[in-house]
Number of protein chains: 4
Amino acid sequence: MGASKAKRLPRAVRERQMMDAAVQTFGQRGYQAASMDDIAELAGVSKPLVYLYLNSKEDLFTACIRREAKALLDAVAAAIDPGLSAEEQLWAGLLAFFTHTAEHPDGWAVLSRQAHIQGEPFAGEAARMRAEIVAYVGTVIGAAAKETHRETHRDPELAERDVAGLAQALAGAAESLAGWANGTPGMTAREAAATLMNFSWAGLGNLMKNERWSPR
Amino acid sequence: MGASKAKRLPRAVRERQMMDAAVQTFGQRGYQAASMDDIAELAGVSKPLVYLYLNSKEDLFTACIRREAKALLDAVAAAIDPGLSAEEQLWAGLLAFFTHTAEHPDGWAVLSRQAHIQGEPFAGEAARMRAEIVAYVGTVIGAAAKETHRETHRDPELAERDVAGLAQALAGAAESLAGWANGTPGMTAREAAATLMNFSWAGLGNLMKNERWSPR
Amino acid sequence: MGASKAKRLPRAVRERQMMDAAVQTFGQRGYQAASMDDIAELAGVSKPLVYLYLNSKEDLFTACIRREAKALLDAVAAAIDPGLSAEEQLWAGLLAFFTHTAEHPDGWAVLSRQAHIQGEPFAGEAARMRAEIVAYVGTVIGAAAKETHRETHRDPELAERDVAGLAQALAGAAESLAGWANGTPGMTAREAAATLMNFSWAGLGNLMKNERWSPR
Amino acid sequence: MGASKAKRLPRAVRERQMMDAAVQTFGQRGYQAASMDDIAELAGVSKPLVYLYLNSKEDLFTACIRREAKALLDAVAAAIDPGLSAEEQLWAGLLAFFTHTAEHPDGWAVLSRQAHIQGEPFAGEAARMRAEIVAYVGTVIGAAAKETHRETHRDPELAERDVAGLAQALAGAAESLAGWANGTPGMTAREAAATLMNFSWAGLGNLMKNERWSPR
DNA sequence: GATGAATGAGGGTTCATTCAT
DNA sequence: AATGAATGAACCCTCATTCAT
């Protein structure tokens, strides 16, 4: 029950209220189940105002994805010191990731739900965010691999597709763990991040050392 | 495409047609966006017949989840020879998993995307399947850990929560890779499975040897 | 759950089964809320058979009304000895009425519900039955009035409309009491009939003696 | 008749229009046969507006019952001067009752027919109104009985159940007469009320004097 | 005599969206 | 800057009814 008869506020403030309400509603109910009525009421404004500022349900949702994706990516980026080793960068990034998703469950719900929807019109938005994460992971892995390869005189081209596949796997594992951690009481972001490091670092290390697992 | 004035067919056949149409529609459009009209038309029957046989949208969706989950689990189970080593079992299982998901993209979409997105009671159905996979992975990991520990005389208790977390990560990585593989032309199930083995086997091995990664 | 795979029975028997099921269903749920599926299932036959024998929902309902109305009117008529006095005839008729309605609540529900519906297509049926009851009551009252008037030398024409009005009132009171009696545990048909005699006989007697109540 | 593109009106006005249309439609066609489309069209608005204001078909029907019951009870109550004798009160009440039902046939149909036919929760609403009338009648009868008993030194307890039964009979007779009067051209409310007074007053008088009719 | 298979039509309800103020 | 009033379009579901066997 938002305040009724909302007093005139600057557009920026109102927009933030609406987006907050939208993220909460989309996150908890999903895109289709969330109604513009719900969002407007939670924001404490009338529906026409939502349309005036945010244009349409699709646009509103897209804006939510963008805002939450930026917040998450910024949080991760801010945690990373490019001067550190690959291992330290990955650890810092994962810790920031799990911390942020734990602190913004609705925002994360919006993002992760979206990541699981392929049908247009939001596929693009989700793909963009995922691509950024994957690209970042790829950079770290790639950098680490190059270090190692320099030492081991191995072909410096850790195939692009390998990196992409690993990044996908890492991202998927992270998403899955984030959901699991959020739903497991007493589970800290630190534990989740450690679990994922445990899971992935050795394999990544092996790969970087060109010790691939292969069937038979 | 949907023929009008459908010829009389035995109920079992019609039900299968409807479920096929439903899986396709749910998988491609999502639960909410899929309309019973769409499904009926694709199945080539009238809507009332769908209701007569499958009862309601919810029931239909649940039936889809169950059918596809069973098909996937059966495919994986059939691929595993319990006499093999843990490593071989995991490889065979992953290969079967990626093969099946590649061959049944709509069914996999229903399981991985839609079932997660809608709240109860669907999430429960999907969770049941995930739990089976996770349990299987846990068994394999646990067995492998015991082997190793026998050799290394280590404490046989690989903490329950660790196993659960790892299984979550592995399942998430697999889901993510399955989606990625499906969307990447020229990507084979074998490659996806190998990527995931690469990614995970070394880490699992380390863990089984109690060589954990830890911060600092 | 009626028996499945009903064995071949003579049409008359099957029809009675269907009508029994229909009366029960219509009586308990009302015309619109009763579905042909419900009735067919309760009768233990398939729907097409119901249509084959009874033609349509409307026809089925009409047949129910006719059958139940006939049963009620027959029961009342059988209880009346034309040789008795008007008072005794009325008493016997009311007693039979309340007894029958108590013993056939579903049939009575069909009739009384219908009596309260004016919209076509059933108004006619209900009106016909009510007219018969009213006519009978009118006959008794009229006869009694003539007796009395012969003694009192009063205008023998107790206005037609007066009789009709009184009959309406009596019929309404009887309907109301029948519903009340059916819903009041421990209430016997005899008590209900006595209550109505109490209520009406004095007034009828006065009227027959030309002692009318009039305002002021 | 229903204008399209309805002009903007205050909610209160629109609500009254909708309720008017609903009473008319429910009264003439019955609850089940009346469609929300019909009602909306008759009210000259779109269906969603009906839902926005009145919530659901059930709620709308309940609101109709309440409104019409209140109107009827108010009309009767306004006609009664508590200073008058029981006889005069009854006469005034009946006159008001028949006048009101004659002037509002659809409202009366909703109350007397439809509300009875549908099960709970509507029957409850209608029962409430009937109970008020019955209670009022009971009060009048009881008061008159006491007067009489004071004169005749009789046991002042006119059995509760007797009063209830009589009130039921009176109410039923009134309902029946109201329907009859509405369907009989040239029939005035005054005549209907007089008929019922004729029918009932003598009997009530006898009862109050403890002169009961009894069989044999 | 009896039924499994099938549907046209319509009803209640919801929602994103706009208009007039 | 902000909203009360209003709707077109769809969606889920049910039902009386028929066809082919």
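Order of the sequence lines sets the chain letters (A, B, ...), proteins ahead of strands, with each chain counted from 1.
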(message) At under 4.0 Å between heavy atoms, how does the protein contact nucleotides 15-21 of chain F? Give one character per nucleotide, 5' to 3', with B, S or -.
(response) BSBBBS-

What is the distance from atom [atom1] of [X] to atom [atom2] of [Y], rounded to the nearest 0.5 Å?
{"X": "Leu72(A)", "Y": "Trp108(A)", "atom1": "CG", "atom2": "CH2", "result": "6.5 Å"}
{"X": "Glu15(C)", "Y": "Arg67(C)", "atom1": "CD", "atom2": "CZ", "result": "10.5 Å"}
{"X": "Met129(B)", "Y": "Arg66(B)", "atom1": "CE", "atom2": "CZ", "result": "13.5 Å"}
{"X": "Asp20(D)", "Y": "Cys64(D)", "atom1": "CG", "atom2": "SG", "result": "9.0 Å"}
{"X": "Leu54(A)", "Y": "Met18(A)", "atom1": "CG", "atom2": "CE", "result": "6.5 Å"}
{"X": "Leu9(C)", "Y": "Gln17(C)", "atom1": "CG", "atom2": "CD", "result": "6.0 Å"}

(request) Check every atom of dA6(E), dT3(E), dA2(F) against the side chain of Val45(C) and return the nucleotide holding the closest atom. (result) dT3(E)

(message) Quick check for you: among dA5(E), dT3(E), dT7(E), whose closest atom lies nearest to any side-chain atom of Leu49(C)?
(response) dT3(E)

d([atom1], [X]; [atom2], [N]) in whole Å:
{"X": "Glu15(C)", "N": "dA2(E)", "atom1": "CD", "atom2": "P", "value": "11 Å"}
{"X": "Tyr53(B)", "N": "dT14(F)", "atom1": "OH", "atom2": "C1'", "value": "17 Å"}
{"X": "Glu41(D)", "N": "dG8(F)", "atom1": "CD", "atom2": "P", "value": "12 Å"}
{"X": "Leu54(A)", "N": "dA16(E)", "atom1": "CG", "atom2": "C1'", "value": "14 Å"}
{"X": "Leu52(B)", "N": "dG8(E)", "atom1": "CG", "atom2": "C1'", "value": "15 Å"}
{"X": "Ile39(D)", "N": "dG12(E)", "atom1": "CD1", "atom2": "C1'", "value": "11 Å"}

(request) Return the minimal non-hydrogen interatomic distance between Tyr31(C) and Lys57(C), and the atom names on each side. (result) O-NZ, 3.0 Å

(message) Once pairs are restricted to Watson-Crick or G-U wobble with both distances under 3.5 Å, how does DNA chain F read as a dot-bracket string, [ ] for crossings and | for other-strand pairs?
(response) .||||||||||||||||||||

(message) As a test of understanding, state which of Asp38(B), Asp106(B), Val110(B) forms a side-chain contact (heavy atoms from CB on, under 4.5 Å) with Thr25(B).
(response) Asp38(B)

(message) Quick check on dG4(F): is either OP1 or OP2 less than 4.0 Å from any side-chain nitrogen or oxygen of Arg14(D)?
(response) no

(message) Would you say CZ of Arg11(A) has more than 12 non-hydrogen atoms from neighbouring residues, nucleotides or ligands within 6.0 angstrom?
(response)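 Atom CZ in Arg11(A) is packed in, count exceeds 12.
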
(message) Need one value for Arg11(C): base, sugar-phosphate or nothing, where a base atom within 4.0 Å counts as base even if backbone is also close, heavy atoms only.
(response) nothing

